[in-house]
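First the proteins, then the strands, lettered A, B, ... as listed; each starts at 1.
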2 protein chains.
Amino acid sequence: MPQETIGTSEERSPLSKERVLRGAIALADEKGLAALTMRSLAQELGAKPMSLYHYVANKDEMLDGVVDLVFSEIELPSSAGDWRVEIRRRADSARQALQRHPWATALMESRTTPGPATLRHHDAILGTLRSAGFSVKMAAHAYALLDAYVYGSALQEAALPFSGPDTVAIVAEPIVQLFAEGEYPHLMEIATEHVLKPGYDFGDEFEFGLNLILDALAAALPADQA
Amino acid sequence: MPQETIGTSEERSPLSKERVLRGAIALADEKGLAALTMRSLAQELGAKPMSLYHYVANKDEMLDGVVDLVFSEIELPSSAGDWRVEIRRRADSARQALQRHPWATALMESRTTPGPATLRHHDAILGTLRSAGFSVKMAAHAYALLDAYVYGSALQEAALPFSGPDTVAIVAEPIVQLFAEGEYPHLMEIATEHVLKPGYDFGDEFEFGLNLILDALAAALPADQA
DNA sequence: ACTCTTTTCGTACTTAGTACGGCAGCTTTG
DNA sequence: CAAAGCTGCCGTACTAAGTACGAAAAGAGT
């Protein structure tokens, strides 16, 4: 006597590439990237491991799809409207997406085959910059700069031992202890006088850099248009 | 009858943590990060897998050590001398190190336990910025910005399907083919009119952003000092 | 109901990390 | 110089994970 639809937690709609990828994201969000195995994912989906291979060629290809899905969560900038507003919107949106899925930053590296959402994303940014009046070359420069900054920030934030504005103090003690040896005076200074202060939020750090970059790009625009 | 010292290629000095880590780097450089397994590394070192565990607790810890070794390859900025020169030097040096070991960027993400070289590195940069006159807060901002940019650029460069200034054309064809569908007009434009042009070098892209950031930081210095 | 197609899965092989205990050679000590 | 101990090296073997291969089950269409 099979147990049929007794399963309480696991969803049991038919599988699909979409469901597999979304399940993978959910699993990675919950348990971390290391816990994302074909076997555990199958279980999560109420299926058996080999069933997944009907929708993805192999795990690597699945990860490509996952990365593209994460990219699709990022708001696209519009080519109309103020370019600074649009670029900022997408930068913030990208940071949020990579905050929701901290493991994704690591994945983006190894995957050299961008998916449609990724390409669309890049295309939209370049479009916005070109519409703003940047030359082809300058748009490429600006794009590389902005993108490097956004991903680099995501990398940094993912590496931070804390996440919210308030969880800082929890891990502060052992770190300060380590620095107290006097070997890293400047790290010590920045830690105690800035990062470990109550109101610290990495988001402020991010905004500072983003503003600085946008201002500098805006200043370079007139000369580029000439 | 043991074959003694007949082995031609494999080094056969006694093992050490140093040798294990350097072997790991060499293997990753040669065959890629995926090929770096405890088994293959042991073979490379002319030893058996389990021997490695005398020098590293487990693979993860080994990777931590590897990352720290890569960091130690980066030139430290000095607190004396012009801060822009020093910061630029370390930025270029960092890019070179991450170019030599493209797989390292991916590793730096997951490792939340920085080694001594990493800490020394960060400390030196902060020291240089502080000596230049930046306030604690501004130094933190500048540091986050610069670092995010350097790592982000490394990430971008590692994701590029080509490496040198001239290998571009090789992979250009299929890419252009893909874009030609007209779905990504701006990517297409940047590709054909900029990236795929003969003299293209990602290094120029990097320098542009670095200059822009340094200029903007320099402009912010006076107000910060006041 | 039968056949064709699509979806799901059972079995089993391979690779990789690593726990555990043994042994060899050098070092120390009587 | 021999017995005892320590250090570094490794043989064996277990577990987890990706996935090849082919078959069973579930639908679809006539």
* Asked: With a distance cut-off below 6.0 Å to the six-membered ring centre and an angular limit of 45° from the axis, does Arg95(A) pair with Phe206(A) as a cation-pi contact?
  -> yes
(Q) What I want to find out is whether Glu75(A) reaches Arg89(A) closely enough, with some N-O distance under 4.0 Å, to be called a salt bridge. (A) yes
Any donor-acceptor N or O pair under 3.5 Å, side chains His122(B), Tyr184(A): no
| said: Between His101(B) and Glu73(B), do the side chains contain a donor N or O and an acceptor N or O under 3.5 Å apart? | reply: yes
Between NZ of Lys48(A) and P of dA12(C) the distance, given in whole Å, is 16 Å
Of all heavy-atom pairs linking Val70(A) and Ala97(A), the shortest is O-CB, 4.5 Å
Atom CG of Asp60(B) and atom C1' of dT18(C) are separated, to the nearest Å, by 12 Å
Numerically ordered, the residues 50-59 of chain A set in heavy-atom contact under 4.0 Å with DNA chain C is Met50(A), Ser51(A), His54(A), Tyr55(A)
#### Entry: Sidechain-backbone polar pair: Glu86(A) side chain, Thr128(A) backbone, donor-acceptor under 3.5 Å
no
Please produce a list of atom pairs where a protein N or O lies less than 3.5 Å from an N or O of nucleotides 24-29 of chain D.
none

*Centres of the Tyr151(A) and Tyr151(B) rings: under 6.0 Å?*
no
### Message
So that I can tick it off, tell me whether Glu61(B) and Lys17(B) are bridged by a salt bridge, with the cut-off set at under 4.0 angstrom between side-chain N and carboxylate O.
### Response
yes
Within residues 22-41 of chain A, the residues having a heavy atom closer than 4.0 Å to DNA chain C are Arg39(A)
When rounded to whole Å, the CG to P distance for the pair Leu45(B) and dC10(D) reads 11 Å
Hey, what's the ring geometry for Phe71(B) with His121(B), parallel, tilted or perpendicular (30° and 60° as the breaks)?
perpendicular
Notebook entry, point to check: Between the side chains of Glu205(A) and Tyr200(A), does any donor sit under 3.5 Å from an acceptor?
Noted result: yes
